[in-house]
Amino acid sequence: MTMVRFDHDGDNYQVSLKKEAENIFSAQIDDAALQIAIDAIDSHTLSINWDHIRHTVYVATDDNTIYVHLAGMQYAFKKTETGHSRHRHGGDGGAHAADEITAPMPGKILKVFVQEGQSVARNERLFIVEAMKMENEVKAPREGVVKQINFQENDLVSVGEPVVELEPPAEATDI
Amino acid sequence: MPSIKKVLIANRGEIAVRVIRACRELGITTVAVYSEVDQKALHVLEADEAAAIGAAAPAESYLNIEKIIAAAQERQCDAIHPGYGFLSENAGFARRCREAGIIFIGPTPEAMALVGDKLTARKTMREAGVPVTPGVALHTHDQDEIAKLAESIGYPVMIKASAGGGGKGMRIVRQVADLQSAIEAGQREALSAFGNDTVYMEKYLENPRHVEFQVLADQHGNIVHLFERECSIQRRHQKIIEETPSPALNAALRDEMGATACRVMEAVDYTNAGTVEFLLDQEKNYYFLEVNARIQVEHPITELVTGVDLVKQQIRIAEGQPLGIRQEDLRQQGHALECRIYAEDPENSFFPSLGKLNFVKIPQGPGIRCDSGIYSGMEVTMFYDPILAKLVVWAENRPDAIRKMCTALSDYVILGIKTPIPFLSDLLQHPEFVAGHLHTGFIDAYFRDWKPADGAVLREIALIAAAYAAGQKQRDVPHSGGPSVAPSPWQTVGEWEILSG
């Protein structure tokens, strides 16, 4: 019996799989139960038969992520310990997340236009991320003061990493 | 007449692989070049020989003229094929090849300088009576001056790299406030992609079609066009779906535009393979856009409808052979479609998606061609153009070609990074696409904020497959540390009982 929790784009699933016979498994996904046949074709290919329909499914595992291809769709399921979403953009991040201006794509910090302590207007340029000869300019989502800059020019960033942290403008805190 | 015996391919990725295969079929020895991060790239594995040319940054390797010339001389190559991008449209490189006594498989440096510099090309075409859109060079850094120029053309305007192509260095500007940052970004991108930061500004036509004509011209004055390719489906000014024939052209307009394309190439004494790009407005007026003085990414669709191997033609023309094709022999048969498979996330503004390709499986079947630069286990890095592969199909007519492409896309497995495969499939089935109503603003018009729509049943099966794989992984852990060619975990599938015990 295998029991795994997955995160897929912020949605959490609990899946358990129990072998009943040669290639027959009973599966439970959250509250739904179903019985299926799984034939392993090779190390990346499964033939899954459910309700008389065959699906060829391709899988690959990398660290904690299991990638699945099925009928032209691609899924990246992240194994989670607690079943909690750890997404930065999620609702639980709240006000804190909104203060972090993150890299929209992986790449190199090409330019940083602001300095710590500097006031910025809404839509003012903050920094540029570059990858694959493409530049992406990130602007301030709102007015504020640059509290912290976590990267310098030429540093490498991953998608979603906070590059600039903003705090509310000084006037607002005085009132 | 020189006979080419050994070719250095000054490129990487799928196009380098494509050229290597053409050479091999012609009995020509190939030499790949590679940067530090490309030591195990597919083009290196496919070539007869490979030469290291420097660090990952393009300026240190694939754009480094002297290193590439030195490699060609050291390996005694008699010709260099530049592919597309990188040095392919660099007249200085073509000239340097000539000085070194190496055949450059492409146009002469003189023709390339005339057309490769988009500003000079526009001027030449205006003088030759070819219609062009209103535009102006940006020789000044004076912001007020530039704002006045933009005003005189009328917004929206487009900033473009004079040395450019492939959407690099291009920015649409709709108001004066955005002008400066667009020009600066365009200049930086142009410098990094082409080694030249000259940009110009032209009138931006709203929702035109992009229709281009493939031309072949030999060194003896023979010239033919191999009909059009419609490349209107673009994101970030970069084509992602191309097809031929164009649903917008009738026979009369096709003949007229094809003849104009040949006239454009004759005006600059062009030789070898090249493409004349036009914008076609909603009233079917066409305007010269630019000449792409190289093999195009989308060349396979022309090959599929005409039966002509364009890369082999390039090599024969470079040897000085006369064209073996006459205009009246050429026919467009059936319909071909190409989808570009980029390393990018269609759910996140098509931004690059980097990482390891854990598993790749290429679709097969009648009428399906995949020009690919990837394999399972390969790493996609941030240094180069994000194109991974091109999926190309041929069928007897457009509706069949669309259905064939959707089937092939569905069978195309790339696991480990995001690709636009599910997006492309949705786009091809959109009623406006099916109706052939294409324009360059198509994706913005119909596919803003696109999300994949999977069914609940499919997701459940995907989850079960993932759980199955996770079960195998857990069981595998004690055995880890062995060689990577360990037996398939599925062979020991009977050990499931251990987990349930």
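Sequence lines set the chain letters: A, B, ... in the order given, protein chains first and strands last, and positions in each chain run from 1. Source: prediction; values computed, not measured.
- Evaluation of the side-chain hydrogen bond (donor to acceptor under 3.5 Å, both in side chains) rule for T56(A) yields no partner, not counting sequence neighbours.
- The closest donor-acceptor contact from the side chain of E189(B) to the backbone of E135(A) lies under 3.5 Å.
- Atom CD of E137(A) is separated from atom OG of S181(B) by 5.0 Å, given to the nearest 0.5 angstrom.
- Per-residue counts of heavy-atom pairs under 4.5 Å with chain B were compared for A131(A), A32(A), A27(A); the largest is that of A131(A).
- With contacts defined as side-chain heavy-atom distances shorter than 4.5 Å, the pair L156(A)/M382(B) qualifies.
- For I417(B), the part sitting under 4.5 Å from any heavy atom of chain A is the backbone (N, CA, C, O) and nothing else.
- When every heavy atom of A60(A) is checked against every heavy atom of L415(B), the shortest pair comes out as N-CD1, 3.8 Å.
- For S376(B), no part lies under 4.5 angstrom from a heavy atom of chain A.
- Y13(A) contributes atom OH, which lies 3.5 Å from atom CZ of R459(B) (distance to the nearest 0.5 angstrom).
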### Task
Show your reasoning for whether side chain to side chain contact (heavy atoms under 4.5 Å, CB included) applies to V457(B) and W50(A).
CA-CA 10 Å; V457(B) 171; W50(A) 181 58; 3.3 Å; yes
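- Interface check for chain A: of the options P422(B), S410(B), A343(B), S425(B), the most heavy-atom pairs under 4.5 Å are formed by S410(B).
- The aromatic rings of F25(A) and Y468(B) sit perpendicular to each other, their planes meeting at more than 60°, with 30° as the lower class boundary.
- The shortest non-hydrogen separation linking V4(A) to A470(B) is CG2-CB, 3.9 Å.
- Counting heavy atoms from C-beta outward, E347(B) and D9(A) have side chains that approach closer than 4.5 Å.
- Within the model, atoms CD1 of I464(B) and CD1 of I36(A) stand 4.0 Å from one another, a figure rounded to the nearest 0.5 Å.
- Among the candidates V413(B), I414(B), I421(B), the residue making the largest number of heavy-atom pairs closer than 4.5 Å to chain A is V413(B).
- With a 4.5 Å cut-off on non-hydrogen atoms, E130(A) touches chain B through its backbone and its side chain both.
- Side-chain contact between R188(B) and L110(A) is present, with at least one heavy-atom pair separated by less than 4.5 Å.
- With a 4.5 angstrom heavy-atom cutoff, D63(A) touches chain B only via backbone atoms.
- Neither the backbone nor the side chain of V360(B) comes within less than 4.5 Å of any heavy atom in chain A.
- We find the CG-CE distance between L354(B) and M105(A) to be 9.0 Å, quoted to the nearest 0.5 Å.
- In this structure, CG in D62(A) is found 10.5 Å from CG in L357(B), a value given to the nearest 0.5 Å.
- Contact count versus chain A (heavy atoms, under 4.5 Å) is highest, among K418(B), K361(B), K356(B), for K361(B).
- Contact residues of residues 65-77 of chain A toward chain B are I66(A), Y67(A), V68(A), H69(A), L70(A), A71(A), G72(A), M73(A), Q74(A), Y75(A), F77(A) (heavy-atom distance under 4.5 Å).
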### Task
Just do the side chain to side chain contact (heavy atoms under 4.5 Å, CB included) check on T61(A) and N358(B) with the steps written out, would you?
CA-CA 7 Å; T61(A) 306; N358(B) 292 293; over 6 Å; no
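- With respect to E184(B) and K111(A), no salt bridge is recorded, no charged nitrogen being found less than 4.0 Å from a carboxylate O.
- When side chains are defined from C-beta on, N348(B) counts as touching V159(A), because their heavy atoms get closer than 4.5 Å.
- Scanning both residues, P104(A) and F351(B), for their nearest heavy atoms gives O-CD1, 3.2 Å.
- Within the 4.5 angstrom heavy-atom criterion, no atom of S349(B) approaches chain A.
- Annotation for P352(B) and P106(A): closest pair O-CD, 3.5 Å, computed over non-hydrogen atoms.
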